[in-house]
Amino acid sequence: MRITTITTTGMTMITTLLDDFLIRAALAGVGLSLATGPLGSFVVWRRMAYFGDATAHAAILGVALALAFDLPVTFGTLVVALAMAVTVATLAARGWAMDTTLGVLAHSALAFGLVAVSFVPGARTDLSAWLFGDILAVSRADLAYVWGGAAVVLALLAWRWQALLTTTLNEDLAHASGLDPARERLILTVALAVVVAVAIKVVGALLIAALLIIPAAAARGLSRTPERMAVLATLLGAGAALAGLQLSLWQDTPAGPSIIAAAAILFALSAMFGRVRRG
Amino acid sequence: MSGLPGGRGMSGLITAEHLSVRLEGQAILTDVSLSVQPGEIVTILGPNGSGKSTLLRSLLGIVPAASGRVTRRAGLVIGYVPQRLAIDRTLPMTVRRFLSLPRRVADRDAAAALARVGVPEVAGRQMADLSGGQFQRVLLARALLARPQLLILDEPTQGLDQPGEAAFYRLIEDVRRETGVAVLMVSHDLHVVMAASDRVICLNGHICCEGTPRVVSSAPEYRALFGLGTQGALALYQHVHDHSHDAGEGHAHHHHHDHGHDHDHHPA
């Protein structure tokens, strides 16, 4: 659809324009992977997969609220995702049964979000973009948000890396070393909310958790240290983003699912390679 | 009930005074007072559910006190070896990398620590691939790298066979002799651990009895807790320090009048 509009403006401009939005899309995918690689590794190590889902699904509600009150969408998703992440973390600390609690919260947030969106004029038509991502329509401002958010998350993780790893290993051990496990958990919670807020445009609310988990899972079989796994997850995530982008461009497939499908194929390859290598 | 068991009060590395801990409304520990002196090996004995781990976690500041207090000597460095450390299969972690958490250590120090605990060959191995004995020794090596004045070990030999257990406690004694580190550890098995201890504290929600291993093993409270059948086995592990204590000093006897000696009826 986009391409047909462009053809009317003349052949010479097509390539530059294509380049431009393609480059923006590619940069968005790569920038996001910088955050999702290391953060996704923590999500895998700490078994926070469902937690990521709940936070991401809540973002749809954030989108609806932001549109209804005419606020920036990134701001809306950030606030609601943060609220959800903090709620879940608090309930977990109080010993609620997480499987059920997250099941309730994740799906309720999505349902309320979808209902709320239906009340916002115009938003209904864009719904699939929020659910599945619209990486080819990433604007310069979106790109700034993605890279800014990724930088914040990377800085947080780098700053607390040793403490986060120790806490992930064993909270008592962290405590005995003078660390505060609750603080480290909060840092991951905030990082997750930031990633959700900036990722929704790229892969959509339904598949943010997949972008966190699948590259990290693919990296696991090829890694002997946590650092290597985080770096590999970043590279695999960036690779999947670029491959998914190609697929989306050629076949007009939805961007988010295309990226996740590419990540899943990388995971399958890694699993096979890992098995062969282990003999 | 005057003064602190272990007697020397403020000179202790870590001191609990009339410590009570409640978890989810249940009294886990009641009026526990103890103190660990520099260079001393203290073992806390108690049946399952007696609050041993909770006591250690409370001393470490992980579990808050409902009443009473815990004081640590200023600047005290504690090396902690937890009861269990289940490393998730999804987390790749070599032994070398583990030793650098949370404080990075030099390769030379890491190698020396592994050699000291008797597993110099495991540095490049994955933590998840270690045997039970190797794993516990690596945990100890990591704790020692912080150059602690106090080691706190929570049932450090769980899952080890009898020879492995004996070897581990010998290692603890050797480390204490070399570095002068004080050791506070928890156990529910009486035999091997007794030999390595200067002082034993019997715990069952409160301190039932306390003293040298030999004195404690003949205390009626101890027999009530653990049954009489172990006496014969304990005789094998008489401690060299025993003879040096006067009867009155070696056995700090706690009368809890509200509990009496009715340990069999103590709620689990």
Side-chain angles (χ1 to χ4, degrees), chain A residues 38 40-49 93-96 159-184 187 212-233 267 270-271 274 277-278, chain B residues 14 23-25 53-54 56-64 72 75-105 123-129 135 138-140 142-143 145-146 148 150-155 184:
Chain A
S41 299
F42 276 105
V43 168
V44 166
W45 297 332
R46 300 175 63 93
R47 313 207 158 212
M48 291 165 70
R94 287 190 191 161
W96 284 47
W159 171 47
R160 303 303 304 166
W161 187 259
Q162 290 280 95
L164 285 169
L165 268 182
T166 310
T167 305
T168 297
L169 212 54
N170 182 284
E171 298 213 341
D172 284 358
L173 208 63
H175 213 122
S177 303
L179 302 168
D180 179 1
R183 183 169 93 147
E184 308 308 332
I187 284 170
L212 287 164
I213 292 156
I214 297 176
R220 169 61 185 100
L222 312 171
S223 309
R224 289 181 53 77
T225 61
E227 288 75 17
R228 186 179 154 93
M229 180 161 153
V231 169
L232 264 183
F267 172 78
S270 149
R277 208 177 44 156
R278 276 195 298 273
Chain B
I14 193 162
L23 292 177
E24 286 161 20
S53 289
T54 304
L56 290 195
R57 299 178 82 233
S58 184
L59 290 172
L60 287 166
I62 300 168
V63 178
R72 296 185 216 177
L76 177 68
V77 177
I78 296 176
Y80 175 54
V81 176
Q83 185 174 28
R84 257 178 321 146
L85 196 120
I87 294 189
D88 199 297
R89 266 281 170 191
T90 61
L91 177 57
M93 183 66 71
T94 60
V95 170
R96 175 64 190 89
R97 183 68 189 88
F98 174 73
L99 293 178
S100 273
L101 287 173
R103 268 168 285 278
R104 295 191 185 274
V105 295
R125 300 262 297 274
Q126 287 289 307
M127 290 291 288
D129 295 339
F135 197 95
V138 169
L139 287 183
L140 180 62
R142 180 194 162 278
L145 277 166
L150 173 63
L151 272 178
I152 292 188
L153 304 103
D154 192 353
E155 307 219 17
L184 177 64

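Everything numeric here is computed off the predicted structure, so don't read it as measured data. Just so it is clear: chains get the letters A, B, ... in the order the sequence lines come, proteins before strands, and each one is counted from 1. Just the heavy atoms: all of them, side chains too, but no hydrogens, waters or symmetry mates, feed the values below.
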Given a strict heavy-atom distance threshold of 4.5 Å, which part of A:Glu227 is in contact with chain B: side chain, backbone, both, or neither? side chain
For chain A, which of B:Ile152, B:Ile78, B:Leu85 has the most heavy-atom pairs under 4.5 Å? B:Leu85
So, using side-chain hydrogen bond (donor to acceptor under 3.5 Å, both in side chains) as the criterion, who are the partners of B:Thr90 when residues are at least two apart? B:Asp88
Side chain B:Ser100, main chain B:Val105, donor-acceptor under 3.5 Å: yes
Part of A:Arg47 within contact of chain B (heavy atom distance under 4.5 Å): side chain
May I ask you to name which of A:Asn170, A:Leu164, A:Leu173 has the most heavy-atom pairs under 4.5 Å with chain B? A:Leu173
Could you have a look at A:Ala216, A:Pro181, A:Ala176, A:Ser177 and say which one has the most heavy-atom pairs with chain B under 4.5 angstrom? A:Ser177
When you measure from the side chain of A:Glu184 to the backbone of A:Leu165, do you find a donor-acceptor pair of N or O atoms at a distance under 3.5 Å? no
Leading residue by heavy atom contact count with chain A [cutoff under 4.5 Å; candidates B:Arg96, B:Glu24, B:Arg89]: B:Arg89
Return yes if some donor-acceptor pair links the side-chain N/O of B:Ser58 with the main-chain N/O of B:Thr54 below 3.5 Å, else return no. no
Does A:Arg220 use its side chain to pair, donor to acceptor, with the backbone of A:Ser223 at less than 3.5 Å? yes
Would you check if the side chain of A:His175 reaches a backbone N or O of B:Gly61 as a donor-acceptor pair within less than 3.5 Å? yes
In terms of heavy-atom proximity below 4.5 Å to chain A, should B:Ile87 be classed as side chain, backbone, both, or neither? side chain
Donor-acceptor under 3.5 Å (B:Arg142 side chain, B:Leu101 main chain): yes
Residue among B:Arg103, B:Arg104, B:Met127 with most heavy-atom pairs under 4.5 Å to chain A: B:Arg104
Best-contacting candidate, B:Asp154, B:Leu60, B:Thr94, against chain A by heavy atom pairs under 4.5 angstrom: B:Thr94
